[in-house]
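Please read the structure below before turning to the comments.
Note: hydrogens, waters and symmetry copies are ignored here, and every other heavy atom, side chains too, is used.
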Amino acid sequence: MRHFQKLGILLVIIGFALTSLPGFAFNLNKLLGGKLPGMPGVQSNQGTPGIGSGQSSPRASNNADDSKEVSSGILDFMCGGLTNPKEFMHDASEETLKSLASLVAKDFGMSIEDTQNILNTEYGNDGGPGWAHGLAFYEPSFIGEELKLLFNSFMKNSLKRIEIAGKIRYAIALDDDDPLQKLEDLSDEDHMDARFAYALILAHFNNFHKSQALGERLLKESYELDSQGGTYVWGRRMYRGEGVPKDVNFAANVISGATQIEEEDNVWEENSNLWNVIAVDPAFEHHQRYQNMARDAARWKDKVHRDMARKSGSAGLHILLKMEKLNFSAQEKLSGAFGFADEYAQKAEKYKSLLDQADPNQQSVEKLVSVSGELHQYVIEQIGQTNTELDPAGKKLAREARLDITRMAHLSQAYIMQIAVSGVRGMADISRLSTITKTLSNSVNNACGLYNAFDGYMKRKEIELPDDKIAISKKESEI
């Protein structure tokens with residue numbers, strides 16, 4: 001459903017005659033500034049899917065398979081900067097990619113190199129507004145398939161972030177000129193989601209550029225075009241007064257409308273959850289109508305807060321220890337494959353003793369990570385300077401190490417995204433989770449460091465090893 005803004009005043013007048021038809025209430029609400037009296041009544045006494053209603057959101061994952069196969073080939077994308085062949089403009093020339101990257105760099109007021117460095121090193125940090133801390137939170141809100149894939153690549157392919165951001169920016173069509181004649185490959189939903197995606201990127205790195213006005217404009221446009229994610233941010237900010245004057249009634253109109261669109265499959269569950277919270281807030285002028293939803297809203301808020309406490313506490317520390325154990329296992333196998341196992345074992349004595357602790361705490365994990373860094377660098381240097389020829393046993397160990405690296409990289413990314421979702425959903429100070437997030441990001445970097453050293457050796461020696469696959473259960477991939 002596209003927005004009515006281009007049709008002008010005439011459509012506003014016609015809209016009054018159409019409000020009795022399904023799907024028109026929300027857009028008319030927007031045209032009149034979100035100030036229609038009362039609230040849409042379609043679900044007023046029913047609650048909405050997603051909170052205690054016994055229903056699952058249409059967008060919620062419902063994968064019955066308990067495990068998934070993960071190929072070691074993902075390391076070429078995560079660590080080697082390989083472009084996904086299904087990605088929008090995957091075949092763009094170096095000249096085109098540099099041109100797109102330069103536009104992003106201009107928005108950041110930096111060189112291409114400095115901008116890429118910021119996008120890499122500051123990703124996931126808690127510098128921007130709270131609603132933009134966890135980009136992974138918003139991925140399910142995207143409708144356009146091309147933009148959803150691009151946004152996912154932006155989060156995971158750190159070496160190509162500025163180029164991917166450039167593609168997203170280009171997909172907005174900030175001007176009508178299309179010298180590359182690629183925009184015709186995108187749907188209206190992709191153009192809409194591109195606005196929201198680039199607004200999120202600018203907000204996430206808010207402390208490193210001066211293009212806040214551009215970000216605000218794109219965010220507003222995405223909301224006006226009925227982006228589920230853009231609507232969530234617009235309503236949440238009004239509800240909480242995040243960078244804008246607080247207006248609970250306006251927020252209620254915005255968010256309630258997002259849950260009552262014609263394309264029900266496109267309703268994002270986070271809008272349903274937020275609406276249930278706002279609907280029973282005493283500050284909302286019509287909250288008495290929705291008191292039957294109060295128990296569900298309270299239950300959901302309690303669940304979110306408990307989830308945050310668990311991930312920032314013992315559960316979070318245990319997954320950090322788990323990643324370090326995978327790191328140790330991969331390094332030990334690589335040392336055996338490349339002929340420095342004895343030296344590694346001697347240097348790793350302290351590291352191994354820290355790994356064997358049964359109940360990690362914040363201090364012990366920080367000490368473990370510190371010791372790990374020195375040992376990790378030693379392994380990379382040894383692989384980088386070795387001329388050892390891998391025998392069949394060495395190749396077998398190397399492939400097993402690559403599977404540990406694959407598991408570490410995949411799980412670290414999965415955990416980072418879950419923590420990001422918890423932080424934004426909980427509307428909390430994400431600094432409570434930032435230590436764990438940063439350490440998991442370091443695990444990704446460690447995995448990539450080991451893989452790139454391993455891959456560099458294979459290329460020098462012109463050795464080709466087939467990709468291997470591992471099964472990762474749903475239980476293992478969740479915190």
* To do: Spell out, as yes or no, whether a donor-acceptor pair under 3.5 Å connects the side chain of Ser141 to the backbone of Gln228.
  => no

* Asked: Taking the inter-plane angle between the rings of Phe284 and His286 on a 0 to 90° scale, is it parallel (under 30°), tilted (30 to 60°) or perpendicular (over 60°)?
  -> perpendicular

* From NE2 (His90) to CG (Leu150), nearest 0.5 Å -> 12.0 Å

* **Trp268 to Pro140 - nearest heavy-atom pair and separation** => NE1-CB, 3.7 Å

* Atom CD1 of Ile405 and atom CZ of Arg399: how far apart are they, to the nearest 0.5 Å? -> 13.5 Å

* Quick one: does Arg240's side chain have a donor or acceptor within less than 3.5 Å of a partner on Lys246's backbone? -> no

* To do: Just jot down the salt bridge (Lys or Arg N to Asp or Glu O under 4.0 Å) partners of Asp467, sequence neighbours excluded, or say none.
  => none

* Quick one: pull up CG in Leu75 and OG1 in Thr406 and give me the separation to the nearest 0.5 Å. => 4.0 Å

* Asked: Is Arg299 paired with Asp296 through a side-chain N to carboxylate O contact shorter than 4.0 Å?
  -> yes

* Residues which pass side-chain hydrogen bond (donor to acceptor under 3.5 Å, both in side chains) with Glu216, listed by chain and number, not counting sequence neighbours -> Arg237

* Arg425 vs Trp300 side-chain heavy atoms within contact, under 4.5 Å -> yes

* Asked: Under the salt bridge (Lys or Arg N to Asp or Glu O under 4.0 Å) test, which residues partner Arg306, sequence neighbours left out?
  -> Asp302

* Asked: Does Leu218 offer a backbone N or O that forms a donor-acceptor pair with the side chain of Arg195 under 3.5 Å?
  -> no

* Might you work through the side-chain contact (heavy atoms from CB on, under 4.5 Å) test for Val254 and Met238, ending with a clear yes or no? => CA-CA 9 Å; Val254 169; Met238 289 290 181; 5.7 Å; no

* To do: Taking the side chain as every heavy atom from C-beta outward, state whether Ile416 and Val444 have any pair of such atoms under 4.5 Å apart.
  => yes

* **For Phe205, all residues meeting ring-ring contact (aromatic ring centres under 6.0 Å, His included), sequence neighbours excluded** => none

* To do: Would you please name every residue forming a side-chain hydrogen bond (donor to acceptor under 3.5 Å, both in side chains) with Asp281, sequence neighbours left out?
  => Tyr239

* **Selection residues 402-424 - residue pairs positive for ring pair (Phe, Tyr, Trp, His ring centres under 6.0 Å), sequence neighbours left out** => none

* Asked: Centres of the Trp234 and Phe250 rings: under 6.0 Å?
  -> no

* What distance do Arg402 atom CZ and Leu465 atom CG have between them, rounded to the nearest 0.5 Å? -> 5.5 Å

* To do: Show the numbers, then the answer: is there a salt bridge (Lys or Arg N to Asp or Glu O under 4.0 Å) between Lys459 and Asp455?
  => CA-CA 6 Å; Lys459 288 176 179 176; Asp455 191 50; 3.2 Å; yes

* Less than 4.5 Å apart, any side-chain heavy atom of Phe154 and any of Leu200? -> no

* What do the steps show when you test Val424 against Arg236 for side-chain contact (heavy atoms from CB on, under 4.5 Å), and what is the final call? -> CA-CA 11 Å; Val424 179; Arg236 168 185 157 145; 3.6 Å; yes

* Taking all non-hydrogen atoms of both residues into account, name the closest pair between Ala197 and Ile168 and its distance. => CB-CG2, 3.8 Å

* Under 4.5 Å between any side-chain heavy atoms of Lys98 and Glu94, yes or no? -> no

* Asked: Going by an N to O cut-off under 4.0 Å, is there a salt bridge joining Glu476 and Lys322?
  -> yes

* Asked: Roughly how far apart are Glu122 CD and Asn207 CG, rounded to 0.5 Å?
  -> 8.5 Å

* To do: For Glu163, check side-chain hydrogen bond (donor to acceptor under 3.5 Å, both in side chains) against everything at least two apart and list the hits.
  => none

* Asked: Going by heavy atoms in the side chains, are Leu440 and Leu320 under 4.5 Å from each other?
  -> yes

* Give a yes or no on whether the backbone of Gly144 and the side-chain of Asp193 come within a donor-acceptor separation of less than 3.5 Å. => yes

* Side-chain contact, heavy-atom cut-off 4.5 Å: Lys156 with Phe77? -> no

* How would you list all residue pairs meeting side-chain hydrogen bond (donor to acceptor under 3.5 Å, both in side chains) that involve residues 442-454, not counting sequence neighbours? -> Asp76-Tyr451

* To do: Taking all heavy atoms of Leu411 and all of Ser477, pick out the closest pair and write down the distance.
  => CD2-CA, 3.7 Å

* Taking Asn271 for its side chain and Thr259 for its backbone only, find out whether a donor-acceptor pair lies under 3.5 Å. => no

* Under the ring-ring contact (aromatic ring centres under 6.0 Å, His included) test, residues paired with His204 that sit two or more places apart -> Tyr123

* Asked: Do you know the tightest heavy-atom contact between Ile383 and Ala453?
  -> CG2-O, 3.5 Å

* With Ser372 via side-chain hydrogen bond (donor to acceptor under 3.5 Å, both in side chains) - residues at least two apart -> Glu324, Asn327

* Quick check: does any side chain N or O of His133 sit under 3.5 Å from a backbone N or O of Gly128, one acting as donor and the other as acceptor? -> yes

Under 3.5 Å, sequence neighbours excluded: what are the donor-acceptor pairs made by side chains of residues 80-89?
unit_1	atom_1	unit_2	atom_2	d
Asn84	OD1	Lys86	N	2.9
Glu87	OE1	Ser153	OG	2.9
Glu87	OE2	Lys167	NZ	2.8

* Between OG of Ser102 and CD1 of Ile162, what distance do you get to the nearest 0.5 Å? -> 8.5 Å

* Any idea which heavy atoms bring Val280 and Ala297 closest together, and the distance? -> CG2-CB, 3.9 Å

* Asked: Do side-chain atoms of Ser99 reach the backbone of Glu95 as a donor and acceptor pair under 3.5 angstrom?
  -> no

* What residues, two or more places apart in sequence or in another chain, satisfy ring-ring contact (aromatic ring centres under 6.0 Å, His included) together with Phe108? -> His209

* Asked: Counting only N and O atoms by type, is there a donor-acceptor contact under 3.5 Å from the side chain of Glu146 to the main-chain atoms of Asp190?
  -> no

* Asked: Between Tyr138 and Phe196, is the gap from one ring center to the other below 6.0 Å?
  -> yes

* Closest heavy-atom pair and its distance - Arg161, Leu119 -> NH1-O, 3.0 Å

* To do: Start with the C-alpha gap between Leu135 and Phe151, add the side-chain angles, then the distance that decides, and say whether side-chain contact (heavy atoms from CB on, under 4.5 Å) holds.
  => CA-CA 9 Å; Leu135 295 186; Phe151 194 70; 3.8 Å; yes

* Heavy-atom donor-acceptor pair, Ser211 side chain to Asp107 backbone, under 3.5 Å -> yes

* Asked: Does Ser158 offer a backbone N or O that forms a donor-acceptor pair with the side chain of Gln116 under 3.5 Å?
  -> yes

* Contact check, side chains of Val70 and Arg407, non-hydrogen atoms, under 4.5 Å -> no

* Considering only heavy atoms from C-beta outward, does the side chain of Tyr198 approach that of Leu214 to under 4.5 Å? -> yes

